[in-house]
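Here the structure comes first, spelled out in structure tokens, and everything after it is commentary.
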Protein chains: 2
Amino acid sequence: MGSIDTSPTAFAAFGDDTSFQPLNADDVRSYLHKSVDFIYDYYKSVESLPVLPDVEPGYLRRLLQSAPPTSSVPFDIAMKEVREAVVPGMTHWASPNFFAFFPSTNSAAAIAGDLIASAMNTVGFTWQANPAATEMEVLALDWLAQLLCLPASFMNRTATGRGTGGGVILGTTSEAMLVTLVSARDAVLRRIGSDGVAGITKLTVYAADQTHSTFFKACRLAGFDPANIKSIPTGADTDYGLDPAKLLDMMKADVAAGLVPTYICITVGTTSSNAVDPVGAIADVAAMFNAWVHIDAAYAGSACICPEFRHHLDGVECVDSISMSPHKWLMTCLDCTCLWVRDAHRLTDSLETNPEYLKNDVTDSGAVTDLKDMQVGVGRRFRGLKLWMVMRTYGSAKLQEHIRSDVAMAKMFEDAVRADDRFEVVVPRNFALVCFRIKPQGAMTEQDTDKANHELMERLNRTGKAYLAHTAIGGKFVLRFAVGSSLQEERHVRSAWELIKKTTTEIIKGEM
Amino acid sequence: MGSIDTSPTAFAAFGDDTSFQPLNADDVRSYLHKSVDFIYDYYKSVESLPVLPDVEPGYLRRLLQSAPPTSSVPFDIAMKEVREAVVPGMTHWASPNFFAFFPSTNSAAAIAGDLIASAMNTVGFTWQANPAATEMEVLALDWLAQLLCLPASFMNRTATGRGTGGGVILGTTSEAMLVTLVSARDAVLRRIGSDGVAGITKLTVYAADQTHSTFFKACRLAGFDPANIKSIPTGADTDYGLDPAKLLDMMKADVAAGLVPTYICITVGTTSSNAVDPVGAIADVAAMFNAWVHIDAAYAGSACICPEFRHHLDGVECVDSISMSPHKWLMTCLDCTCLWVRDAHRLTDSLETNPEYLKNDVTDSGAVTDLKDMQVGVGRRFRGLKLWMVMRTYGSAKLQEHIRSDVAMAKMFEDAVRADDRFEVVVPRNFALVCFRIKPQGAMTEQDTDKANHELMERLNRTGKAYLAHTAIGGKFVLRFAVGSSLQEERHVRSAWELIKKTTTEIIKGEM
């Protein structure tokens, strides 16, 4: 912002300067200090706030101005409205009483890293546009690959020099699925000699029916034929994991019908119930058809930094790509989804752009990968910083301790559920998610049971003292109790369990 | 994080607690205060840092550990490495001497809003998952729509109640293009009675050859046939804007060939030279073919909050969607791309998912739009907060002043270039980007001239005192001088001009 304006207006909020200085260092410090005070108060008080707010659609517009103001006001006004209008309408993911969905774990180091990224506000689409951001992202991904014991083939740089693999930090798992789907699609179209995209109607993709709905959406975004997006049924016999034999049968039948198996998505830790598809066995099947294999370990990938959970990734050396989201369980605030591919060129072949205004000598030299060529968009935040700061500050031992503590709390909850014969654990617990329900009591039908569990969830959530979500497993309405919100301690899990027991007693009394 | 761990390790950095508390409020405050001090120092000193760093690929790995540490360390260690290793390898987009690309403008209010979003770390995929975040995003988009004088048909809520239009904040313009392309694709496939996606080979999309390369990439991501992704030539006769007559001819020929015009992307303010495609005339042509019309106003959209620039959007009432990025020119740090559509259902028809674990009564009631159904992914940051804070705190008058000041500085630079007969302004300046070059001097051929301009750019950038990018216009190598980095003042523009003149004198002396 310059000082050219010939009719400057005095702007008290920014001192005595006559020109508008939106990034004046003193103002930045002042606004941020106020924000830090707010955050401190928020973390200190969030436990006492209702986790799920009691507001109606449209509530915020009734509290705030419906039109943008013309004049500037002190920053305190916005902060006052945040406290009085925004906070009361929030679902508090930071609350230790949050047990719904997968927690968005967070940490002081991550927030600090994200703040610095917001302030530097660089756009590292090419290496040249911010060498430090590109290299930090690549380094952070290689560090995390080491924590996950990923094979060297996924590394940007190995002990012997630049690797053929590569990684990129994206905003969501969906984007990781989309870019790998597109790469697989294009490679198969080339392989089958398709005239343009004409062959796309022959390409098939596969995933278990427990796979996140966003995978099936990503397939549609990439243009796959809805009829060729195959959802493979699972059941209690495999704990809702994908059966490789069923996959093989389906792929064989598709090939016999003239179709071309192109991509299979493996989930390690499904959203619904934390089911784990068997990586190695599926990769073996896919290899028979030369299909791309992707592992979605969005949530449970973080657990695989602990040796006792790493076996869930056994076989990863045979897959083409893997993604996991530190913004779920590795204490790194949104957005942060890590994608690694075994051959970075398979991504860049589909995703590279080369406009004149981004050309530069370093890119031309081939010595670097421009990260824009591994994602949907061009622009990109300096996301690597927060992820690196988390690993740099806490170290792998503390990160493992964090995972183990959450799992131990979930196990404690699971043991409590199992010890109360009014309840059942519906599927075995793999990580820190417990799927449970009230069992049919007395003459209750399955329908009554579903209703009782739905009622339990509604009553719990209305208290504001706990927030649980649900899912459907084998046609049953099941409660999801996800442990791990970053402020959570054992006492919160115990309180929630007491509340669940008490509410269940009330419901059963009313039902029977 | 719980306190269950049976063998806790003392962790000095987090006080005397035996368990690991990654979100301890005192630690958060301490880390953030250190970060704020860093940011303050950074803004105070960034002017003196080389804009473009002098580092080689791989530099960062030579300075930092190549493997993740096992043990935790005080946060100061990470901050020290940021100061000593990261900062020296950064391209400083915050530098007032940054004139390359479009500036990523920023403000104290935006950084504060982004910080609070990082700390709250909610994931507002559905309204229920964070009512305040969903409603704040919708409100901020309606506010900005009012500043841009968008027709009520694009609003989430109009004076008479809930509108049919809607908006969403995405990460990048590319995503805005992708989701609208997919919606248009699916609608046309349904219209032509396609058997699955078989009809996709008939669908055509159009844009001027000056359109950002990411548009053509988005078309490929969505599965359009490369042969049907039409780039329409432009020239000096239209100042590189799209000629509607050429579009009409091409669409007619395509229809005659059995193809189906599906989507046209209009750019208001191209990246290369800030060319403006005529919105109304193009929308008229598209209407003859029932094709989706999208406006990409990523950069110049911000200028349209000023009445004197709003005419560039005339005709917007006839298009289907428009996107612009406050993270470019509206002082809101990344990521923040706003997309509005005239009929929100046209997006959600293609993008909706409805997994059991996200079902809830409010969604079922139809009273709200879940924003996950207007984007690629499921998860989403609380991005609306920073955008609202910018408008709430500064008000429209200051936002307009900010745009006008940048434009005035660009005009000053343009006038200086025009007054020096060694240079030429290659295309008329529309906003705050000046495209200029050294003119052929004496016996210099066009090739010599390109070389001289390339040399000028390289020498300028090597000084560290200015960073300019280039483009190609009409086959010529042209320098892009983009004004508007948030710390920029008139004196920085003047200094850069002096440096350009001096360096040009040296080059011409050597050349001739």
Side-chain angles (χ1 to χ4, degrees), chain A residues 2 4 22-23 25 27-29 31-32 35-36 39-40 43 57 60 68-69 71-72 78 86 89-91 93 104 106-108 111-112 114 118-119 121-122 130-132 135 143 172 174 196-197 213 223 225 333-334 353 355-357 367-368 377 381 391-392 395 405 408-409 471-472 486 490, chain B residues 2 4 22-23 25 27-29 31-32 35-36 39-40 43 57 60 68-69 71-72 78 86 89-91 93 104 106-108 112 114 118-119 121-122 130-132 135 143 172 174 196-197 213 223 225 333-334 353 355-357 367-368 377 381 391-392 395 405 408-409 471-472 486 489-490:
Chain A
I4 280 177
L23 214 51
D27 290 327
V28 171
R29 183 163 59 183
Y31 288 26
L32 290 179
S35 303
V36 174
I39 291 165
Y40 182 86
Y43 285 149
L60 190 67
S71 307
S72 53
V86 174
M90 282 186 54
T91 301
W93 289 63
S104 60
N106 205 354
S107 62
I111 302 169
D114 218 17
S118 295
N121 207 31
T122 64
N130 191 353
E135 301 212 358
W143 276 20
T172 59
S174 317
V197 300
S213 57
D225 199 301
C333 47
L334 271 73
T353 57
E356 183 65 32
Y357 35 86
V368 297
R381 271 175 75 88
M391 292 185 282
R392 183 70 188 98
S405 160
M409 286 195 286
T471 189
S486 297
E490 190 180 322
Chain B
I4 280 177
L23 214 52
D27 289 327
V28 171
R29 184 164 58 184
Y31 287 26
L32 289 179
S35 303
V36 173
I39 291 165
Y40 183 86
Y43 285 150
L60 190 66
S71 307
S72 53
V86 174
M90 282 186 55
T91 301
W93 288 64
S104 58
N106 205 355
S107 62
D114 218 18
S118 295
N121 206 31
T122 64
N130 191 353
E135 301 212 358
W143 276 21
T172 59
S174 316
V197 299
S213 58
D225 200 300
C333 46
L334 270 72
T353 56
E356 184 64 33
Y357 35 86
V368 296
R381 269 174 78 87
M391 292 185 282
R392 184 72 188 97
S405 161
M409 286 195 287
T471 188
S486 297
E489 300 174 20
E490 190 180 321

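Quick note: numbers below take in every heavy atom, side chains included, and nothing from hydrogens, waters or symmetry partners. No experiment lies behind these values; they were computed from the predicted model shown. So that the names make sense, note that chain A is the first sequence line, chain B the second, and so on, each numbered from 1.
- When all heavy atoms of Ala132(A) and Leu60(B) are compared, the closest pair comes out as O-CD2, 4.0 Å.
- The two residues Ala25(A) and Tyr43(B) come nearest to each other via the heavy atoms CB-CB, 4.1 Å.
- Closest heavy-atom contact between Asp225(A) and Val197(B): OD2-N, 3.0 Å.
- Between the side chain of Asn121(B) and the backbone N or O of Ser104(A) there is at least one donor-acceptor pair closer than 3.5 Å.
- In this structure, Thr122(B) and Trp93(A) have side chains that are in contact, with non-hydrogen atoms separated by less than 4.5 Å.
- Put simply, the side chain of Pro131(A) reaches to within 4.5 Å of the side chain of Thr91(B), judged on heavy atoms.
- For Ser107(B), the parts sitting under 4.5 Å from any heavy atom of chain A are the backbone and the side chain alike.
- Residues Ile111(A) and Leu23(B) are in side-chain contact: their nearest non-hydrogen atoms beyond the backbone lie under 4.5 Å apart.
- Of the residues considered (Ile39(A), Val86(A), Thr471(A)), Ile39(A) shows the highest number of contacts with chain B, using heavy-atom pairs under 4.5 Å.
- For the residue pair Arg381(A) and Leu334(B), the shortest heavy atom distance occurs at NH1-O, 2.6 Å.
- In this structure, the portion of Val368(B) lying under 4.5 Å from any heavy atom of chain A is its side chain and not its backbone.
- Between Asn106(B) and Ala119(A), the shortest heavy-atom contact is ND2-O, 3.8 Å.
- Taking both residues in full, the closest heavy atoms of Ser213(B) and Tyr357(A) are given as N-OH, 3.8 Å, listed atom of the first, atom of the second, then distance.
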